[in-house]
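Beneath this line is the structure, given in structure tokens, with notes to follow.
In what follows, every chain begins at residue 1, and chains take the letters A, B, ... in the order their sequences are listed. Note that these values count all heavy atoms, side chains included, but never hydrogens, waters or copies made by symmetry.
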Protein chains: 2
Amino acid sequence: MKQKITIKTIARELGVSTSTVSKALNDSHEIGKETKDKIQSFANHYNYKPNSLALQLRNQKTKVIGVILPKIVHHFFSTVIMGIESYANEKGYHIMVCFSNEDYQKEVETLRVLSNGSVDGLIVSIANETLENKDFSHFIDLVEEDIPLVLFDRVVDDILCDKIVVDDVGAGYKATKYLVDIGCKKIGMITTPDHVSVGALRRLGYEKALIESYVKTDKNLIIKIDEKQDIKKQIEQLFEQNIDGVFAVNEIYAANTMRIAKEKGLNIPNDISIIGFTDGLISEYSSPSITTIAQHGFTMGRQAVELLIERIENETEVFNPKKIVISSDLKLRESTKPSS
Amino acid sequence: MKQKITIKTIARELGVSTSTVSKALNDSHEIGKETKDKIQSFANHYNYKPNSLALQLRNQKTKVIGVILPKIVHHFFSTVIMGIESYANEKGYHIMVCFSNEDYQKEVETLRVLSNGSVDGLIVSIANETLENKDFSHFIDLVEEDIPLVLFDRVVDDILCDKIVVDDVGAGYKATKYLVDIGCKKIGMITTPDHVSVGALRRLGYEKALIESYVKTDKNLIIKIDEKQDIKKQIEQLFEQNIDGVFAVNEIYAANTMRIAKEKGLNIPNDISIIGFTDGLISEYSSPSITTIAQHGFTMGRQAVELLIERIENETEVFNPKKIVISSDLKLRESTKPSS
DNA sequence: GAAATTCACGAAATCGGTTTCGTGTTGACA
DNA sequence: TGTCAACACGAAACCGATTTCGTGAATTTC
């Protein structure tokens, strides 16, 4: 390894003290012009870069934000990351990205490692297994240590911190209402198990829209996907009933539904209308393209990090957790009949 | 902010020296069992965590790997990240992810910031604008500073460092050869401008396959997409000729091609066969599903970080840059006729 | 010409750990 | 009883910066 150039090197080489070098490089008025020039040009010539670890240790801040996601090969989470990085970058922060892979143990471990001073704050979307366990003590400990934390998308009330969520109930309502409005009589829903909060909330919206339209909700029309089993088989059950509309809580479920419908010889959207969630590439490029709820992941990411940085930089303030709800839009495409 | 508990706190509280505390926590034989127990249980009770910044500064290593990508809302890069994180994690490293957004300036800036000691090494895929500029001095400086660097996917010869690439020529050959074999007579190619090395290499493979099959290559059959313009319009030009096969260098181009073919009333795969690149969700879920070259991004990520960690941990070795070529597979789906 | 400022710089503490080296106490052994 | 090793712990240097405070010399002020 080539010899790293430090303040000490410069000081020795130029016969001055380290304090003088430091001040000169920071353009302090205490240092005479001549000395300053000499030091600066020397530093410049040897491409001196202050060691950030030393600065971080001294300033007790890293300008790094930890981000823990359940997964990333997923359009929504990718866009959230972009949003986070975008705003963080504007504010001079960097992001450290980790994945829980939906695994409780890995989430706990990652949280533990990141909370030892290597980041100024954390943005997290909770792993499925954790939501299932309902064990949030690792987050609660974090909050007690006063480490700034912002949860997004998958959140729980037990943790006292800032949160960013999409208006899942509203989105579920919007999607279902649209299906009712275009004339669907029997609308199925494809969702996640109950412990995944977002799935449960979207279902609430679904039911609300049906009740409002005086349609009886039918438990057999709601499929809760177990991802450990074969997804297509589970969805096929829904087709045993005479459905003419489907609301799926994500792109993959919607795409699978569409494929099954086609295989059964149904015409989309004339025989059956399908609405998905997450405005990703699948919805955009499949044919017919899929009407979907756009979650605005980029905005969510920006909002999350904006909230976090505010917490980090004004830590003295009284703590009053905020919850920001991002509205979502229905993006009409070809998988639904046009509204009359 | 709650008072952070440090070694000094423990030492003061227990009436011992900081060295004793440090040794006790590291289970040194120098410390008596009684003292050790006392210190350990105290530390445990107050949930002491050693400040990682202090350790990093002392050990002169951060156990962090910087990753710079052109973008992330892209199946290939997402899977590479997963691969990187997966292996890094096994080896006790974390990753710091940044994006160049295909922008030269941002790449330079990010490289500058990350090379000041905050990471032990870097994994980068070069931004398009940089490839266009052909200005790689920021990378060359990095190498001269002996900061371990691994390039992947988009690489250039000018930079002396380890590289991981897919066998782009081979992949282009494989795809085109398959199209020839199933009977396509006029095969178009949809690629990137020449400065994007991967596009150029895949084209070489395409041409090689055609020449081998005694098919004359025709410049009009090759469309170089300018992403700043409307993609569909550019692809449509290709259909003015009587093509019966298309090889596209990514998913998006392939999906667009398929859509246009459908709009023109062509049957896929009977009238025209289409092969894409990147085995992402679009290829999997569109209908018909798209035959594609699977790049094995996860493997690439793991290989890249494996190489990098080896460089980091054996820095004394003579430097002899390696180039690892990852082979890619043709994943047959519905957009191509079955081989007879 | 003595006192007060200003100027330009250095010594040392600090951030939170690790590690080397030194030292006082104890026990064993001759 | 004197010697020496083993034991248990502390002092201080170190990683690479910043920053407070102090100080000698030059300059200004009365």
| Does any non-hydrogen side-chain atom of His138(A) lie less than 4.5 Å from one of Glu107(A)? |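 Glu107(A) reaches His138(A) side chain to side chain.
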### Message
Under the side-chain hydrogen bond (donor to acceptor under 3.5 Å, both in side chains) test against Arg302(A), which residue among His296(A), Glu90(A), Glu85(A) passes?
### Response
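Only one of His296(A), Glu90(A), Glu85(A) forms a side-chain hydrogen bond (donor to acceptor under 3.5 Å, both in side chains) with Arg302(A), namely Glu90(A).
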Can you list everything that forms a salt bridge (Lys or Arg N to Asp or Glu O under 4.0 Å) with Lys163(B)? Sequence neighbours excluded, please.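 By the salt bridge (Lys or Arg N to Asp or Glu O under 4.0 Å) rule, Lys163(B) matches no residue at all.
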Return the NZ to CD1 distance between Lys38(A) and Ile10(A), rounded to the nearest 0.5 Å.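 Lys38(A) atom NZ to Ile10(A) atom CD1 measures 12.0 Å (nearest 0.5 Å).
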For [X] and [N], what is the distance between atoms [atom1] and [atom2] respectively, to the nearest whole Å?
| X | N | atom1 | atom2 | value |
| --- | --- | --- | --- | --- |
| Glu34(B) | dC7(D) | CD | P | 16 Å |
| Lys61(B) | dG17(C) | NZ | P | 18 Å |
| Lys33(B) | dA6(D) | NZ | P | 23 Å |
| Lys63(B) | dG17(C) | NZ | C1' | 17 Å |

Whether each nucleotide of nucleotides 16-23 of chain D has a protein heavy atom under 4.0 Å at its base (B), only at its sugar-phosphate (S) or at neither (-) is summarised, 5' to 3', as BBBBBB--
Requested in this report: Assign the ring pair Phe76(B) / His74(B) to parallel, tilted or perpendicular, where the plane angle (0 to 90°) is split at 30° and 60°.
Outcome: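 Answer is perpendicular, since the angle exceeds 60°.
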Q.
Quick check on Asn47(B): does its CG atom have over 12 non-hydrogen neighbours (other residues, nucleotides or ligands) under 6.0 Å away?
A.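 Buried by this count: over 12 neighbours within 6.0 Å.
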